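Nothing here was measured: the structure is a model prediction, and the numbers come from that model. In what follows, every heavy atom counts, from backbone to side chain, and hydrogens, waters and symmetry copies are set aside.
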Amino acid sequence: MFKKGDFVIYETAGVCQVTDISTVDIKGIAPDRLFYFLEPLHSKGSRLYIPVENHKSRMRPLLSQQEAGELISSAGDLGDLSVPDEKHREENYKEALKSCDCREWVKVINTLRHRKAERISRGKKLPSMDARYLKIAEECLYTELSLVLDLPEEKIQSLIQND
């Protein structure tokens, strides 16, 4: 169980802070059911209410400093996300992001960076859907690594790009 003040990763919201653990006064919800009140760092003012005993949601603690260092050193070796069917590309991105697995986030970033470079070389822009998922993956990854390693997000970005 997480505690008030903890930073956690929650699905595609990325890094969130647990601002409270309490019940909610909402019709249809048991009055004794506990919820995590999460505030996403990239969406100030937003609040998510996640049942403490929700086994469907994907939430995890932040990486350790050692895990973060290992991830940065291996980022280039992780390769691209497997996208077997272009028609279902978005589903692959969504599932990778919702996994809360940093290695999957790196694969999404690698995939979309390669796709962007390839399209630019042909005089085309990255489709807006791809740009949106690249931004989400980068925000999730860079924010977590920034907090864990106490480095600015820009430094994290350059470490990942220069792996």
Inset, instruction - For E11, check salt bridge (charged side-chain N to carboxylate O under 4.0 Å, His left out) against everything at least two apart and list the hits. - result: none
With sequence neighbours excluded, give me every ring-ring contact (aromatic ring centres under 6.0 Å, His included) pair touching [range].
range           : answer
residues 7-39   : F2-Y36, F37-Y49
residues 59-102 : Y93-Y133
residues 97-125 : none

Between [X] and [Y], is any pair of side-chain heavy atoms under 4.5 Å apart?
X    : Y    : result
L145 : L159 : no
D130 : R89  : yes
R103 : L71  : yes
L38  : T19  : no
R115 : L126 : yes
N92  : T111 : no
C102 : R60  : yes
I72  : L149 : yes

Legend entry - Verify same cluster id: M59, V15 (apolar side-chain graph, 4.5 Å): no
Closest non-hydrogen atom pair between [X] and [Y], with its separation:
X    : Y    : answer
A96  : E104 : O-CB, 3.7 Å
R119 : P127 : NE-CD, 3.4 Å
L141 : I160 : CD2-CD1, 4.2 Å

Please confirm whether the backbone N or O of [Y] pairs with a side-chain atom of [X], one donor and one acceptor, at under 3.5 Å?
X    : Y    : value
S46  : P40  : no
E39  : R47  : no
Q157 : Y142 : no

Inset, instruction - If a pair satisfies salt bridge (charged side-chain N to carboxylate O under 4.0 Å, His left out) and one of its residues is in residues 13-28, list it, with sequence neighbours excluded. - result: none
Inset, instruction - Kindly write out the residues that satisfy side chain to side chain donor-acceptor pair (under 3.5 Å) with E67, not counting sequence neighbours, or none if the list is empty. - result: S64
Legend entry - Heavy atoms from other residues, nucleotides or ligands near CG of D85 exceed 12 (cutoff 6.0 Å): yes
Inset, instruction - Decide side chain to side chain contact (heavy atoms under 4.5 Å, CB included) for N110 and L81; before the verdict, give the C-alpha distance in whole Å, the side-chain angles of both, and the deciding distance to 0.1 Å. - result: CA-CA 8 Å; N110 289 345; L81 184 68; over 6 Å; no
Legend entry - Exercise: do Q66 and E70 side chains pair donor with acceptor under 3.5 Å: yes
Inset, instruction - To the nearest 0.5 angstrom, please state how far the CG atom of D6 sits from the CD1 atom of I21. - result: 7.5 Å
